[in-house]
Undergrad: 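To start, I am sharing the structure in question, which I have written as structure tokens.
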Amino acid sequence: MTYTAAVDEMVFALEKVAGLAEAREAGAVELGEDDVLAILTEAGRFAEEELAPLNEVGDREHSRRDGATVTTPKGWDKAYRAWVEGGWGSLTGEEEYGGQGLPMSLQIVLTDIVNQANAGFSLNPLLTVGAVEALQAHASDALKATYLPRMIAGEWTGTMNLTEPQAGSDLGTLKAKAVPEGDHYRVFGQKIFISYGEHDLTENIIHLVLARLPDAAEGTRGISLFLVPKFLVNDDGSLGERNDVECVGVEDKLGIHASPTCTMAYGTKGEGAIGYLVGEPGRGLNAMFTMMNQARVSVGMQGAAVAERATQRAVAFAMERRQGAAATWAEGGPAPIAYHPDVKRMLLTMRGMTRAARAICYACAVAIDRGRPGRPDADFWKARADLLTPIAKAFASDIGVEVSSLGIQVHGGMGYVEETGAAQHFRDARIFTIYEGTNGIQAIDLVRRKITMADGEVLAAYLKELRGIAEAARGANDLALGGTARRLETAIDAVAEAATALRASLGAGELDKALAGATPFLRAMGLTAGGAYLMKAALHAENGAAAGRAGLARFFCEAYVASVPSLAENAVAGSDDILAATPDILAA
């Protein structure tokens, strides 16, 4: 299939559904809609011409390690040079350091487009944008002046170094250490699963590394953050000697083969890698969370983006593949399988889930923009972004797996072989539910920290907004959304009741009981929000598209939002069976 960047659809979702137009009216965003369309149209062209043709190449060739050197697939260097020349890595960078100072919401749509075209390529610039965010927020002026201009320009890339062999999500147990030496530190230790930790695309790689100082406290409060360059930087900005850091392994993975997932060793020569403290000692996790939260929304967006690519491929195949008779096919002979009811069901599910997940990610990004200091009602919108971040990451990345799996099913046997390309999307999407805190951790964060904000008022305000969409839909008689709106209202009620029960469990000290229901609760939240956004899309659609969008909203709510009450009930009552189970159940 030929990939097409559906820019008009994405701009519609950003402006009308996720609320960028409303943010502009409120004075929180200055970028005009014409500018948004122009930038994203060019991004779509870049993705179609430069990145999409390399997607299958990268899957087939992989990135390969030879000693401490990692070589990316054929064509990657040319594509990355085009990325840099186009200024695509500089959208959200501060203007003082060469960035364009554009909204995060524009960056998240760029992330959508790039991942639709080539998920393996996207991780490198995605992580660099996150590293830039962390340095802008926490680094000293000297570090900013030295590193930010080259990173924002894309001349140097950035990485995130958290995980160690014995410390996955439990960062409190990490062992990497940093020893003070004059105006810098010597970093020792090993980090695993470091995306683009080594590659041949840029002359320098800037690692952000979590490590402990010699007198650090136990647990997460004893972690500090360090900037460790691959090559040291001289006072005049030129590159100096190679630092004591190297890639000692590259993982052989299920998917995203072109993205080198590296094991990084610091201090292998015995002298230690020179690093520089970012932020305050012992506050490294706080600084790193600036990067991680940005990455969580982006990883959710990656899931929705791969879902979009899988949907495009499935629709194209279903329109071409002819088999059997279909009542609605009047041209004679075998019908395209897209006319068969069960295939229609799968395609509607793929389209509905993809657009729902996209809208949640976009809405989170708009909330991040509106929550910037100095913007109108910034505290309200920052809290909204905090609430939506775990939902965007977990729900959208789950959808990436589910939709790409359905894409294989639409292809039938041809989906299971590599020839059609459908299998690659499923393999690529599978990591996104694990990246940046597994989706179970996101659900725990939602229940333990986010629905309890301001004693539940942050969640209440969001549900009130969703109710407003349902009320508007009930009055849209020409779209026949009334019954569907009542279905959405029932789901909102169920989510609100479940949240109250979960907060009560937390208040009573029953932490395990609350957390046992976290994953079904997050799913209920995602489906409810997604259904509301599909309704909002129908309400804002132009006449020609309104009927189709309304039909998609009705299908999604009747097929999936209808399950929210049982999910919400399971989030509360189902936890008892989970708590009663022990590992011995495996032997039953």
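Everything numeric in this text was worked out from a predicted model, so none of it was measured. All heavy atoms count here, side chains included; hydrogens, waters and symmetry mates do not.
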Undergrad: Under 3.5 Å, side chain of D369 to main-chain N/O of P103, donor-acceptor pair present?
TA: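 No, the answer is negative, given that no donor and acceptor are paired below the 3.5 Å cut-off.
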
Undergrad: For the residue pair H207 and Y266, does the interplanar ring angle fall in the parallel (under 30°), tilted (30 to 60°) or perpendicular (over 60°) class?
TA: perpendicular

Undergrad: If you count every heavy atom of other residues, nucleotides or ligands that lies below 6.0 Å from R448 atom CZ, does the total exceed 12?
TA: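 Not buried by this count: 12 neighbours or fewer within 6.0 Å.
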
Undergrad: Between K191 and E246, is the closest basic N to carboxylate O distance under 4.0 Å?
TA: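 Judged by the 4.0 Å cut-off on N to carboxylate O distance, E246 and K191 do not form a salt bridge.
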
Undergrad: Could R370 and D377 be called an ion pair, given the rule that one side-chain N must be under 4.0 Å from one carboxylate O?
TA: no

Undergrad: With a 3.5 Å distance limit and no angle check, can you tell me whether E251 reaches the backbone of F193 through a side-chain donor-acceptor pair?
TA: no

Undergrad: Is the closest side-chain heavy-atom distance between S195 and L127 below 4.5 Å?
TA: yes

Undergrad: As an exercise, state the distance from CG of L174 to CG of N161, rounded to the nearest 0.5 Å.
TA: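 The CG atom of L174 sits 11.0 Å away from the CG atom of N161.
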
Undergrad: Within the distance-only criterion (no hydrogens, no angle test), does the side chain of T146 pair as donor or acceptor with the backbone N or O of L143 below 3.5 angstrom?
TA: no

Undergrad: Closer than 4.0 angstrom, basic N to acidic O: yes or no for E48 and R45?
TA: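 Between R45 and E48 there is no salt bridge, as every charged N stays at least 4.0 Å from the carboxylate O atoms.
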
Undergrad: Let me check something: any side-chain donor-acceptor pairs from residues 278-287 under 3.5 Å, sequence neighbours excluded? List them with distances.
TA:
none

Undergrad: So, the side chain of R24 versus the backbone of L31: is there a donor-acceptor pair under 3.5 Å, distance only?
TA: yes

Undergrad: Look at R449 together with D386 and state whether they make a salt bridge at an N to O cut-off of under 4.0 Å.
TA: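 Salt bridge absent between R449 and D386.
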
Undergrad: Check this for me, if you would: do E436 and K393 make a salt bridge, where the nitrogen-to-carboxylate-oxygen distance has to be below 4.0 angstrom?
TA: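 Here E436 does not pair with K393 in a salt bridge, since their nearest N and O are not under 4.0 Å apart.
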
Undergrad: In the structure I gave you, are the side-chain heavy atoms of E155 and T202 within less than 4.5 Å of one another anywhere?
TA: no

Undergrad: Without swapping roles, check the side chain of R242 against the backbone of L232 for a donor-acceptor pair under 3.5 Å.
TA: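 No; zero donor-acceptor contacts below 3.5 Å.
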
Undergrad: Please tabulate, for side-chain N and O atoms in residues 74-83, each donor-acceptor pair with protein atoms closer than 3.5 Å (sequence neighbours left out).
TA:
| from | atom 1 | to | atom 2 | distance (Å) |
| --- | --- | --- | --- | --- |
| W76 | NE1 | Y196 | OH | 3.2 |
| K78 | NZ | E50 | OE1 | 3.4 |
| Y80 | OH | G154 | O | 2.7 |

Undergrad: With F226 as reference, evaluate Y276, F188, Y185 under the ring pair (Phe, Tyr, Trp, His ring centres under 6.0 Å) test and give the passing residue.
TA: Y185

